Amino acid sequence: MLKVHYLKNLVPTFVVDAPGGGGKISLQPNYIVSQSSKKTVLRNFEGVITSYPEPENYKEDTAEDYFSLVYPDYLNKAAKVGIASIMNDQVQSLIPSDLERMKKREQYQTDPAHSSLKNKREKRDELKEKKFQSQIQKMDGSVKKDE
């Protein structure tokens, strides 16, 4: 007898495909670093911090206007490093310097054993031609046997 179990506590998880190589980031409190009316700053599981802009036709709230009334010179004192640099459009992503996948990418690119196929195109084309010719020979042989 086949038993089917239903999960009663399914909760949808909303994710954002972050620009700048951030990958897919779940929209949960532990991944949202900062948010304004123009963008949301997110952190993925690797520690990559990236920003996700609001759509161009998004109508902003009045919070920014109120904030500029209370602190008229806040734009002049805006920080230029860290999360503040993302919020001020100076950088799009903050990537940790010790990120494992970046180390693997650098190692892969510098390893001569992983040379590109661009250097081996002639050999590849030659092998493809041999394969094609052998397939034609097989087809010709099967046609002759059928006759």
Side-chain angles (χ1 to χ4, degrees), residues 1-139 142:
M1 178 179 221
L2 180 65
K3 289 186 178 181
V4 179
H5 296 281
Y6 293 98
L7 298 174
K8 296 178 182 177
N9 298 332
L10 292 177
V11 178
T13 301
F14 297 100
V15 296
V16 170
D17 190 8
K24 296 194 177 45
I25 302 174
S26 177
L27 293 179
Q28 297 177 358
N30 51 339
Y31 296 111
I32 298 175
V33 176
S34 184
Q35 190 172 13
S36 74
S37 60
K38 294 181 182 177
K39 68 176 71 178
T40 302
V41 178
L42 305 163
R43 176 185 11 242
N44 72 3
F45 71 99
E46 293 177 310
V48 174
I49 297 174
T50 188
S51 64
Y52 193 83
E54 294 292 343
E56 290 179 17
N57 57 356
Y58 177 73
K59 185 168 173 133
E60 296 181 24
D61 255 339
T62 58
E64 295 284 331
D65 297 332
Y66 176 76
F67 194 76
S68 62
L69 287 173
V70 175
Y71 304 103
D73 60 342
Y74 83 97
L75 288 175
N76 298 334
K77 296 180 181 180
K80 296 176 179 22
V81 295
I83 304 300
S85 65
I86 293 177
M87 296 303 288
N88 295 328
D89 293 324
Q90 295 182 353
V91 294
Q92 184 180 21
S93 300
L94 295 177
I95 301 174
S97 59
D98 61 344
L99 189 62
E100 189 63 32
R101 70 178 158 104
M102 292 300 191
K103 290 178 187 176
K104 286 181 182 179
R105 185 179 294 167
E106 287 175 18
Q107 182 182 8
Y108 182 83
Q109 289 173 345
T110 57
D111 189 356
H114 297 118
S115 62
S116 172
L117 280 178
K118 291 177 183 175
N119 302 333
K120 300 176 183 178
R121 277 193 179 146
E122 291 176 13
K123 181 70 175 172
R124 180 195 63 197
D125 292 341
E126 183 181 317
L127 291 173
K128 281 185 177 182
E129 183 63 29
K130 281 184 180 179
K131 184 178 179 181
F132 177 71
Q133 292 300 328
S134 69
Q135 288 174 341
I136 289 177
Q137 287 176 356
K138 285 181 184 178
M139 288 174 56
S142 65

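Because only heavy atoms are used, hydrogens play no part in the values below, and waters and symmetry mates are left out as well, while side chains stay in. This is a predicted model, so every value here is computed, not measured.
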Legend entry - Results of side-chain hydrogen bond (donor to acceptor under 3.5 Å, both in side chains) for Glu106 - residues two or more places apart only: none

Inset, instruction - Using a 4.5 Å cut-off on heavy atoms from C-beta on, say whether the side chain of Leu42 contacts that of Ile49. - result: no

Legend entry - Between Glu129 and Gln133: side-chain donor-acceptor atoms closer than 3.5 Å: yes

Legend entry - Ser36 side-chain N/O to Lys38 backbone N/O, donor-acceptor pair under 3.5 Å: yes

Inset, instruction - Taking Lys39 for its side chain and Ile86 for its backbone only, find out whether a donor-acceptor pair lies under 3.5 Å. - result: yes

Inset, instruction - Find the distance between CG (Leu94) and CD1 (Ile83) and round it off to the nearest 0.5 Å. - result: 5.5 Å

Legend entry - Shortest non-hydrogen contact from Ser51 toward Pro19: O-CG, 3.3 Å

Inset, instruction - Side-chain contact test, heavy atoms from C-beta onward, threshold under 4.5 Å: evaluate it for Asp98 versus Lys103 and give yes or no. - result: yes

Legend entry - pair Ile95-Met102: side-chain heavy atoms closer than 4.5 Å: yes

Legend entry - Side-chain heavy-atom pair Val16, Leu27 within 4.5 angstrom cut-off: yes

Inset, instruction - Output the distance between atom CD (Gln35) and atom CD (Glu54), rounded to the nearest 0.5 Å. - result: 6.5 Å

Legend entry - Point-to-point distance, once rounded to the nearest 0.5 Å, from OG1 of Thr13 to NZ of Lys24: 14.0 Å

Legend entry - Distance, nearest 0.5 Å, that separates OG of Ser134 from CE of Met139: 11.5 Å

Inset, instruction - Supply the atom-to-atom distance Asp17 CG to Thr50 OG1, rounded to the nearest 0.5 angstrom. - result: 10.0 Å

Inset, instruction - Identify the two heavy atoms, one from Ile25 and one from Tyr31, that lie closest to each other, and give their separation to 0.1 Å. - result: CG2-CB, 3.8 Å

Inset, instruction - To the nearest 0.5 Å, tell me how far Gln107 CD sits from Lys104 NZ. - result: 9.0 Å

